[in-house]
Amino acid sequence: MLPKLRPFALTAALLTTGAATPALAAACPWIAAWGSSQMVPGADNALPAEALRDVTLRQIVRPSIGGSGLRVRLSNAFGDTPLVIEGASVARALQTDKAAIDEKSLTPLRFSGKMHVVIPPGAEWLSDPVDSPIKAFEDLAVSIHVRAVPPRQTSHPGSRATSYWLPGNHVADADLPGAREVNHWFLLSGIEASACRTGAVVALGDSITDGHGATTNGNDRWTDVLARRLGGKRAVINQGIGGNRVLLDGLGPNAMSRLDRDVLALPGVTHLILLEGINDLGVLTRDQPVSPAEHAAMVEQVTGAYAQIVARARAKGIKVYGATLLPFMGMAYYHPDALNEADRQAINAWIRKPGHFDAVIDFDKVMRDPARPERLNPAFDVGDAIHPNPAGYKAMGEAVPLELLR
């Protein structure tokens, strides 16, 4: 049984039936306020064996818009067995990097009016609406008590945020002394806000969008910078996956295969920023050189996929902005050569060509070394010749023209 919680603004109708109150349901539409792309974690990023049964997960997230109410989306997208949630709650986090919560804000999450829910393999599940206002950029702690984590886990490894796990049911606890820390998210894919006169911008990408090189718990990815510039007037949803590719699975499902779940299915999306493809180019020749024909085919396939993404998003009324690929010459892992650079230049030329996208965000121009434009600016390089440091992410976030998102 779930311990007794102290709800702070739930109506009697919601507590007994799980249905949205008429005021909440009619006031404003649901808009994606926070999200993370889901995948199967590698062994080094998965929950350990001792955290797979009868465990509470507490995860800290930061919505980029506020609203009059919220609902939480849990995910078993890659699970191979049903996911049994025995209880869940949401509260205001006291600190970004701590498990403690504001007890007065602790609210149980319900699912069709019940405390527990069984999420089928491959599915996601929305909580009942919580009729309580949330603020933009106010950290929320989502706690879930799981009977058993499916053998094939669903996760977002690159959270750049600390989560906590502790055996037993602790969804109602004000703090989690003795909890183990992990810098990943599990089984949690979204927060939606009931919000008027706003919408959501989705950033679909790889580790540069996911924030490799950003500060853990620092919220200084380029998407965070952009969200703060928008001031809570429009959400920015980071759907980046480290190592992700446009065409083939690698770390996480390829961009084409996750477009529906990570972009088109989210409520209130008005704009999509696409920054992806550098891993396709790097993997092509990582193990051995390939022929000029194979280089040309890669460029054609990546740009063809871009055109598909644009067409499918526009069909949903979403404006799509193409972001140019950052330089990566000098990267030791991919060891790119002149042919790889020519591929990048060809793809960027396609992105910049009028008509292919609704607009272009020229990250390449902002991030390249003025003296050696095939390389990342050293002032923005985290040290591996491909990923920005926090100063680089700040420059990227500030390079997005806000008028494109109004």
Side-chain angles (χ1 to χ4, degrees), residues 33-38 41 44-48 50-51 55-66 70 72 74 88-107 109 134-146 153 155-168 170-191 207 209-228 232 235-242 382 387-394 397:
W34 172 87
S36 71
S37 296
Q38 302 301 296
D44 55 338
N45 292 322
L47 284 169
E50 58 269 32
V55 66
T56 294
L57 300 171
R58 179 165 290 175
Q59 304 176 82
I60 313 300
V61 301
R62 179 172 289 185
S64 53
I65 57 170
L70 68 89
V72 176
L74 303 179
S89 66
V90 64
R92 299 186 184 98
L94 291 179
Q95 291 182 238
T96 301
D97 58 348
K98 301 293 182 182
I101 60 170
D102 173 9
E103 264 194 293
K104 295 179 180 179
S105 71
L106 187 64
T107 305
L109 293 176
I134 62 170
K135 297 179 181 179
F137 311 113
E138 183 174 62
D139 291 328
L140 299 177
V142 178
S143 303
I144 58 176
H145 178 226
V146 185
Q153 297 180 29
S155 169
H156 184 85
S159 65
R160 274 88 208 178
T162 303
S163 300
Y164 308 87
W165 66 265
L166 188 65
H170 302 279
V171 299
D173 292 2
D175 201 354
L176 301 180
R180 297 281 296 275
E181 298 183 358
V182 289
N183 291 325
H184 318 298
W185 287 311
F186 296 92
L187 312 174
L188 178 63
S189 61
I191 303 289
S207 57
T209 294
D210 202 22
H212 182 91
T215 308
T216 299
N217 298 314
N219 291 289
D220 53 8
R221 314 164 189 84
W222 72 262
T223 53
D224 299 314
V225 175
L226 176 59
R228 287 192 290 272
V236 178
I237 310 300
N238 187 320
Q239 299 288 47
I241 292 179
V382 77
H387 292 105
N389 57 22
Y393 285 127
K394 183 174 186 291

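Under the 30°/60° scheme for interplanar angles, the aromatic rings of H156 and W185 are found to be tilted.
Side-chain contact, H387 with S207: a donor N or O sits under 3.5 Å from an acceptor N or O.
For the pair Q239 (side chain) and S37 (backbone), a donor-acceptor distance under 3.5 Å is present. Side-chain atoms of S159 come within 3.5 Å of backbone N or O of N183 as a donor-acceptor pair.
Taking each heavy atom of H212 and R160 in turn, the nearest pair found is CA-NH2, 3.3 Å. Between R58 and A99, the shortest heavy-atom contact is NH1-O, 2.9 Å. When all heavy atoms of L188 and Q38 are compared, the closest pair comes out as O-NE2, 3.2 Å. Taking all atoms of both residues into account, the shortest heavy-atom contact from D102 to A91 is O-CB, 4.3 Å.
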Start with the C-alpha distance between E103 and S105, add both sets of side-chain angles, then the distance that settles side chain to side chain donor-acceptor pair (under 3.5 Å), and finish with yes or no. CA-CA 5 Å; E103 264 194 293; S105 71; over 6 Å; no
Tell me, with the steps shown, if T96 and N217 meet side chain to side chain donor-acceptor pair (under 3.5 Å). CA-CA 6 Å; T96 301; N217 298 314; over 6 Å; no
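Under the rule for a side chain to side chain contact (heavy atoms under 4.5 Å, CB included), the partners of P390 that lie at least two apart in sequence or sit in another chain are T215, D220. With sequence neighbours left out, the side chain to side chain contact (heavy atoms under 4.5 Å, CB included) criterion links A100 to L94, D175. Under the side chain to side chain contact (heavy atoms under 4.5 Å, CB included) criterion, R180 pairs with E50, W165, sequence neighbours left out.
A 4.5 Å side-chain heavy-atom check between V90 and I191 finds every atom pair outside the cut-off.
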